[in-house]
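Worksheet: one structure, shown below.
Bear in mind that the values here come from a model prediction, so they are computed numbers and not experimental data. So that the names make sense, note that chain A is the first sequence line, chain B the second, and so on, each numbered from 1.
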2 protein chains.
Amino acid sequence: MSRTAGSSGKKTLAAIREAGLDLVHEHGFEAMSLRQLAARVGLQPGSLYNHIETKQDLLFDLIHNHMVTLLASIDAELEGIDDPLERLKAFIAFHLTYHIERKREVFIGSSELRSLEPKNHRKIVALRKSYEERLYEILEQGCAQRLFKIEDIRVSTYAILAMLTGICTWYDAKGRVDRKTLIDIHTRLVLQGVLK
Amino acid sequence: MSRTAGSSGKKTLAAIREAGLDLVHEHGFEAMSLRQLAARVGLQPGSLYNHIETKQDLLFDLIHNHMVTLLASIDAELEGIDDPLERLKAFIAFHLTYHIERKREVFIGSSELRSLEPKNHRKIVALRKSYEERLYEILEQGCAQRLFKIEDIRVSTYAILAMLTGICTWYDAKGRVDRKTLIDIHTRLVLQGVLK
DNA sequence: TTTATAAAAACGATCATACGTTCGTATTTA
DNA sequence: TAAATACGAACGTATGATCGTTTTTATAAA
C-alpha cells in the first residue's frame, strides 16, 4: 500500500501528539512504544517517521509545546494589570484553571524530564524557571509596595506553586467542589499567607 | 555455577529493594528491566526470583513498604500531643523532614500508582487516604475547638499536603535554605492560612 | 481547464537487541 | 540432610529505527 486517501500531515501530527500524551501518561515515556502509538493513530510504525524525527523528539515536542503555550497564556492574562494584589489573584485563577484542564501535560512535564536529553532538558528547565519568575516578581513587587509581608520570597514562590499545581492531581471536575469555589478557597489561602 | 559463598537472602533482598528504588525513579517502572536490576545487584536475572514473586510484586513491595512506614511514623510522632495547634505543627515538621529524605519513594508513590494492578492499587490508595485523614482530623479538631477557621477542610487538607509534598521536588539540602528554616517558613504559611 | 511533476504520506519488510519468566542443576548454609 | 541461593540457557515476543516503494496531494505551466 501507500499514501492513504484524505491523509493530511497536520491532522496526523495532531493525532500523534494527542495519542502520545495519553500513552506517556499511561505508561511513562520509555515504556511507551511507537508501535502502540502508531496503532492508536491508525498507522504502521514506520509511518510515524514522516511526522517525527525520533521518539526523543516527540517527548520534547510535547513538553516544549506545553511550556511555551503556558508562558504565552500567563503573559496575556497579566497584561494590563499593575496592582500586585490583582496580579496575584489573576495568577492564581489562571494557574488553577489552566492546569486543571491539562493534567496529562502537567504530569508528563514533571515526571518525564528525566527522559529528556541534556540539551532538551536544559531548555525545558529554563522555560519552567521563566514561569516561576512570573510569580516571584509579583510577590517581590508586592513586598516592595508594602502590600505583602513575606519571610522568604523564593521559598514562598515554590510553596505556592506546589500547592496550586498539586491540587490538580486530585481535583475532580465532577466532584463536590466547583471550579470557582476551588479558586476562591486557594486565593484566600494564598492571600492569608502573603498579605501584610 | 551455583550459590555464592557468603550470600544471604536478607542482604540480597535489601539490595534489590534499594536498586529497585533507584531504577524505577530513573526510568519508570515499566521501562526498568529486571536485567538492569539484576546487574546492579550483581546477580543473574533469573536469580531475582529467589527473592521476588514478580516484577509487579516488587513495585507493590516498594510502595507498600513506604506507606506503612510513613503511617507508623506519623502516629508515633503525634502520640501524646492533644492540642490541635501543636499537632498541626508536629505534622508539618514531620511531613517535611520525612519526605525530604525520601524523594525517590515520594516520586514513585505518586507517579507509578498507574502501574499497580487494581488490587494492589486499591490497597495503596487506602493507605494514602489513611495518611490524609491524619491531617484532616487535626484540622477538623482545630475548627471544633474554634482555634482554626477553615472554609473547606477537605480542600485545605489537599492544598496543605500538596504544598508540603511538592516542596520536596525542588528542595536542595545543600542549598541556601536549611531544614529548620524551611520548616519555620512552611509552618508560618500554613498557620496563617488556618488560624482564626 | 488540463497536464506534468515534485513533495508528502503511507506501507510492509527488516535489523540486531532486549524483554519477563521458567527451569534444571550446582553449591553453600543451617 | 534439607533448605536456601545462585547459575546459565531457553521461551516467544517486542523494541526503535531504516529503507525502498507506492499512491495521493499540491503547485504551476501550458
Is the positively charged end of [X] above the ring of [Y], judged by distance under 6.0 angstrom from the centroid and angle within 45° of the axis?
X         : Y         : result
Arg87(A)  : Phe91(A)  : no
Arg154(A) : Tyr136(A) : yes
Arg146(A) : Phe148(A) : no

Gap between atoms [atom1] and [atom2], on [X] and [N] respectively (whole Å):
X        : N       : atom1 : atom2 : value
Leu13(A) : dA10(C) : CG    : C1'   : 15 Å
Lys11(A) : dA10(C) : NZ    : C1'   : 15 Å
Gln44(B) : dG24(C) : CD    : P     : 19 Å
Lys10(B) : dA6(D)  : NZ    : C1'   : 20 Å
Leu43(B) : dT21(C) : CG    : P     : 16 Å

Within the 3.5 Å criterion, strictly below it, is a donor on [X] or [Y] matched to an acceptor on the partner's side chain?
X         : Y         : result
Ser130(B) : Glu133(B) : no
His95(B)  : Tyr131(B) : yes
Asn50(A)  : Ser47(A)  : no

Is the phosphate of dA6(D) approached by His51(B) (side-chain N or O, under 4.0 Å from OP1 or OP2)?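 The answer is yes; a side-chain N or O of His51(B) sits under 4.0 Å from OP1 or OP2.
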Are any of Thr12(B)'s side-chain N or O atoms less than 4.0 Å away from OP1 or OP2 of dA6(D)?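 For Thr12(B), the contact criterion (side-chain N or O under 4.0 Å from OP1 or OP2 of dA6(D)) is met.
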Is there a donor N/O on one and an acceptor N/O on the other, under 3.5 Å, for the side chain of Asn50(B) and the base of dA4(D)?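 Absent.
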Which residues satisfy the salt bridge (charged side-chain N to carboxylate O under 4.0 Å, His left out) test with Glu117(B), sequence neighbours excluded?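 Expected list: none.
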So what is the end-to-end bend of the helix from dT1(C)-dA30(D) to dA30(C)-dT1(D), with 5 pairs used at each end and the value given to 10 degrees?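 Taking the rotation axis at each end, their angle is 30°.
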Does some side-chain heavy atom of Phe29(B) sit less than 4.5 Å from a side-chain heavy atom of Ile108(B)?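 Contact flag for Ile108(B)/Phe29(B) side chains = no.
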Side chains of Leu182(A) and Asp152(B), heavy atoms from C-beta outward: is any pair under 4.5 Å?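 Leu182(A) vs Asp152(B): side chains apart.
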Between N or O atoms, less than 3.5 Å apart, protein on one side and nucleotides 14-18 of chain D on the other: list the pairs.
unit_1  : atom_1 : unit_2   : atom_2 : d
dT15(D) : OP1    : Ser33(A) : OG     : 2.7
dG16(D) : OP1    : Met32(A) : O      : 3.2
dG16(D) : OP1    : Leu34(A) : N      : 3.4
dG16(D) : OP1    : Lys55(A) : NZ     : 3.3
dG16(D) : OP2    : Leu34(A) : N      : 2.9
dG16(D) : N7     : Arg35(A) : NH1    : 2.5
dG16(D) : O6     : Arg35(A) : NH2    : 2.9
dA17(D) : OP2    : Tyr49(A) : OH     : 2.4
dA17(D) : OP2    : Lys55(A) : N      : 3.2
dA17(D) : O5'    : Tyr49(A) : OH     : 2.9

